[in-house]
Amino acid sequence: MNEPTKQEHHSGSHHHNEHDHTGHQIKQDHDEGKTSIENETSREKIQAHGNQEDMQNHVHSSHETMDHNHDSHTGHIEGLRKKFFICLILAIPVFFLSPMMGVTLPFQFSFPGGGWIVLVLSTILYFYGGMPFLKGAKKELEVKNPGMMTLISLGISTSYLYSLYAFAMNTFFHGAHVMDFFWELATLIVIMLLGHWIEMKAVAGAGDALKKIAELLPSQAYVKQKDGNFTAVMLRDLMVGQIVIVKAGEKIPADGIIQEGRTTINESMVTGESREVPKQQNDKVIGGSLNGNGSILIKVTGTGESGYLAQVMQMVSSAQHEKSKAETLSGKVAQWLFYAALFTAVITIVVWFAISHDIGKAVTYMVTVLVIACPHALGLAIPLVIARSTSLGAKNGLLVRDRKALEIAPKVNTVLLDKTGTLTEGNFKVIQVLSFDEHYTEDDILTLASALETASSHPLGFSILRKAAERKLKPLAVRNVKTLPGIGLSGTLENGQEISIVNAAYLDNHGVPYPETPYHELSAEGYSLSFLVLTNKALGLIAQGDEIKPGANQLIENLKQRNITPVMLSGDNKAAAEKIAAVLGITEVHAGLLPEDKEKMVKKYHEEGNATMMVGDGVNDAPSLARADVGVAIGAGTDIAIDSADVVLVKSDPLDIIHFLSLAKNTTRKMVQNLWWGAGYNIIAIPLAAGVLAPAGILLNPAAGAVLMSLSTIIVAINALTFRMK
């Protein structure tokens with residue numbers, strides 16, 4: 001895997017690596033004499049427009065089907081919604097025509113042939129409405145992990161099959177009366193479909209991280225031919241070893257090594273650092289990164305599945321797959337209830353047959369046990385809390401995309417935080433301007449510095465020019481601008497005065513005095529410092545760096561108060577990362593990390609027994625967001641980070657991490673309460689239905705069981721609605 005060159009920003013230095021005169025000259029050479037190529041390129045760009053899908057398929061063919069994940073997810077929610085309403089309509093006649101556990105309710109009535117209508121509608125309900133649960137049960141049983149789907153399937157299948165038997169006995173054997181469970185079948189299917197629809201709608205996520213990673217690449221590349229001209233080829237046809245031209249402002253189509261030219265490249269998708277990195281001959285470049293202001297020729301070293309982005313995609317996919325295996329609390333409870341119901345049912349039929357020698361009575365008791373075990377309340381216990389929780393979260397800028405995050409978050413003891421964009425603003429900018437001479441204002445210092453930087457392609461130069469533009473300062477005219485390698489720039493003003501922008505080492509070496517106190521204070525905070533010198537006198541300095549976000553300090557303090565260890569992960573250099581960490585009070589720092597390094601770091605903490613949360617905002621964070629127990633994306637970050645995460649902080653405020661932890665804690669508390677109400681009914685009703693107290697003359701009447709079941713469901717619903725954001 002290609003490792004990108006990283007720009008080191010050491011304290012107190014302003015490294016202007018050979019400025020862009022050469023780079024501009026090369027760009028000019030490409031532009032001149034190749035007018036026909038430019039025209040051909042423009043035409044082919046238009047012709048190639050719309051071929052993005054072909055490119056995506058080429059980037060990673062194994063993810064071909066995942067390009068439609070969002071559409072299928074949305075379609076699944078709509079399918080559940082449609083199925084719920086159709087089943088509700090079909091169930092209404094059953095509610096009116098069929099008794100509840102053998103008890104005719106006041107609103108129910110009957111007429112000749114009504115039983116057949118109930119049978120037909122119940123059969124449709126079972127096969128149409130129950131199919132999602134039956135398929136889910138099949139999958140659970142295939143992996144020998146019965147859960148909610150298996151428990152529901154057990155309930156509806158028992159209800160339906162025994163009701164068929166009851167219908168046959170009551171219809172064809174006159175005088176016989178066997179209680180049916182068509183009413184229970186209809187209510188269970190409708191309630192379960194409602195619960196699943198509510199939950200899926202509450203945590204519906206948009207987009208697909210893998211698809212968006214593929215979209216980072218352009219649809220075509222411009223390959224050098226034997227005659228020296230360049231021809232556009234689709235990305236799927238690009239081969240290792242070919243020479244490709246990348247013009248200013250274009251995306252780099254594949255991993256490669258610069259053969260000719262000089263430029264700056266925005267590699268934020270890889271390192272997470274927003275500044276542009278100077279690149280020259282023999283430097284490595286990453287497919288998908290953005291070329292700056294110079295044209296370059298690169299030799300392709302990786303395409304398709306061998307490319308860097310494809311490997312990032314593989315990491316994201318692998319991490320998502322592994323994390324999806326995690327069991328939810330409701331799933332575990334459903335599993336216990338399934339085994340309890342099955343065990344109790346077997347004991348019931350054996351014991352009652354031994355006592356009564358009446359197989360009909362024994363089967364009836366067994367079926368009653370299995371039907372009462374149907375998790376009506378349990379099916380709504382979690383979805384209602386999730387719906388309420390996600391709604392409150394959304395109103396407060398917290399979008400929950402995976403409900404498992406709400407269950408896992410209270411257990412988190414390690415929070416891994418990306419530096420740039422999460423703890424800091426992510427924009428390299430002028431932080432402070434100081435004047436050492438009373439005759440020169442801060443604006444004068446900026447004006448003189450920007451005069452030199454107009455000839456620069458260095459990221460620090462861009463920052464100074466932006467600041468000058470913000471203050472509406474017009475750069476002075478400067479001639480004879482020269483690059484001072486590893487030091488800065490020098491030039492001559494129109495009045496003949498020599499002007500330069502240099503680092504502290506230059507001043508020390510040339511004996512130029514400057515105030516050391518502000519220099520040491522600012523360098524200690526990790527800023528890059530540039531000194532403005534006029535006729536061998538230091539006029540002032542400009543401090544540049546990344547600002548710490550408001551709320552970042554409080555976030556770290558709150559995490560420590562909760563006994564959660566904050567860890568910084570950064571693609572930036574070690575010195576810059578450690579200085580930001582020191583200001584924030586973070587003791588565990590890992591710097592100079594690529595995406596795979598961050599993902600390995602999250603995995604390492606997890607393997608050490610920690611429950612991990614990863615917070616990030618860029619493509620470089622996507623694998624680690626997917627790998628962590630809880631992945632939290634900053635809302636101002638990339639779509640790829642957001643799609644890899646379980647939770648999105650819309651306002652990009654670090655303190656919202658604490659708000660999410662509080663939301664998750666309160667959500668889990670409500671979940672546990674509801675599970676006790678939902679499962680508590682079963683814990684009491686199943687043994688009573690089995691007849692454990694029959695020797696004492698106490699037997700659960702089916703009607704009483706139905707009342708208990710309804711009461712449990714109502715309590716669960718009310719408890720969920722009382723949930724508040726604290």
**Prompt:** Given side chains that start at C-beta, do those of Ile542 and Ile464 come closer than 4.5 Å, heavy atoms only?
**Reply:** yes

**Request:** Hey, could you give me the CD/CD distance between Gln554 and Gln561, rounded to the nearest 0.5 Å?
**Result:** 8.5 Å

**Prompt:** Pick one: which of Ile564, Ile658, Ile657 meets side-chain contact (heavy atoms from CB on, under 4.5 Å) with Asn558?
**Reply:** Ile658

**Asked** Is it true that Lys598 and Asp418 have a side-chain N and a carboxylate O under 4.0 angstrom from each other?
**Response** yes

**Item:** Shortest non-hydrogen contact between Ala543 and Leu529, atoms and distance
**Value:** CB-CD2, 3.5 Å

**Message:** Pair Glu596, Lys600 - check salt bridge (charged side-chain N to carboxylate O under 4.0 Å, His left out), show working.
**Reply:** CA-CA 6 Å; Glu596 65 269 26; Lys600 286 175 185 174; over 6 Å; no

**Prompt:** Is Lys139 salt-bridged to Glu142, cutoff N-O under 4.0 Å?
**Reply:** no

**Message:** Please tell me whether Glu140 and Asn145 have a donor and an acceptor in their side chains that are separated by less than 3.5 angstrom.
**Reply:** no

**Asked** Can you find a pair of side-chain heavy atoms, one from Val400 and one from Ser389, that are under 4.5 Å apart?
**Response** no

**Message:** Looking at every non-hydrogen atom in both residues, tell me the closest pair between Thr414 and Tyr605 and how far apart they are.
**Reply:** CG2-CD2, 3.9 Å

**Complete:** All heavy atoms of Ser463 vs all of Val430, minimum pair found to be OG-N, 3.1 Å

**Item:** For Lys549 against Ser652, the heavy-atom pair lying closest together
**Value:** NZ-O, 3.1 Å

**Request:** Would you indicate whether the side-chain heavy atoms of Thr722 and Arg388 approach each other to under 4.5 Å?
**Result:** no

**Asked** Side chains of Asp255 and Thr301: do they bring a donor and an acceptor to under 3.5 Å?
**Response** no

**Asked** Would you say the side chain of Leu569 lies within less than 4.5 Å of the side chain of Lys419, judging by non-hydrogen atoms?
**Response** no

**Item:** Note, Leu663 side chain near Leu398 side chain (heavy atom, < 4.5 Å)
**Value:** yes

**Prompt:** Is the shortest heavy-atom distance from the side chain of Pro146 to the side chain of Leu141 under 4.5 Å?
**Reply:** yes

**Asn396 side-chain N/O to Leu392 backbone N/O, donor-acceptor pair under 3.5 Å** = yes

**Prompt:** Where do Gly397 and Asp656 come nearest, in terms of heavy atoms and distance?
**Reply:** O-OD2, 4.4 Å

**Asked** Judged by modelled atom types alone, do Asp629 and His606 share a side-chain donor-acceptor pair under 3.5 Å?
**Response** yes

**Message:** Quick one, Val567 and Val415 - any side-chain contact, counting heavy atoms below 4.5 Å?
**Reply:** no

**Prompt:** Does a sphere of radius 6.0 Å around NZ in Lys560 hold more than 12 heavy atoms from other residues, nucleotides or ligands, not counting ones at 6.0 Å or beyond?
**Reply:** yes

**Message:** Does either side chain, that of Lys251 or that of Asn291, offer a donor lying less than 3.5 Å from an acceptor on the other one?
**Reply:** no

**Prompt:** Should Lys404 and Asp646 count as an ion pair when the cut-off is N to O under 4.0 Å?
**Reply:** no

**Prompt:** Between Ser570 and Ala577, what is the shortest heavy-atom contact and its length?
**Reply:** CB-CB, 4.2 Å

**Request:** Output the distance between atom NE2 (His590) and atom CG (Leu416), rounded to the nearest 0.5 Å.
**Result:** 7.5 Å

**Asked** Heavy-atom distance under 4.5 Å between the side chains of Phe723 and Leu384, does that happen here?
**Response** no

**Request:** Please round to the nearest 0.5 Å and tell me the distance separating atom CD of Glu607 and atom NZ of Lys604.
**Result:** 9.5 Å

**Prompt:** Do Glu407 and Thr668 meet the criterion of a side-chain donor-acceptor pair at a distance under 3.5 Å?
**Reply:** no

**Fill in**
Rounded to the nearest 0.5 Å, the CG atom of Leu417 sits from the CG atom of Leu555 at a distance of 6.0 Å

**Asked** Atom CZ in Phe84, atom CG in Leu193: separation rounded to 0.5 Å?
**Response** 8.0 Å

**Request:** Run the salt-bridge test on Glu599 and Lys603 with the 4.0 Å N-O cut-off and return the result as yes or no.
**Result:** no

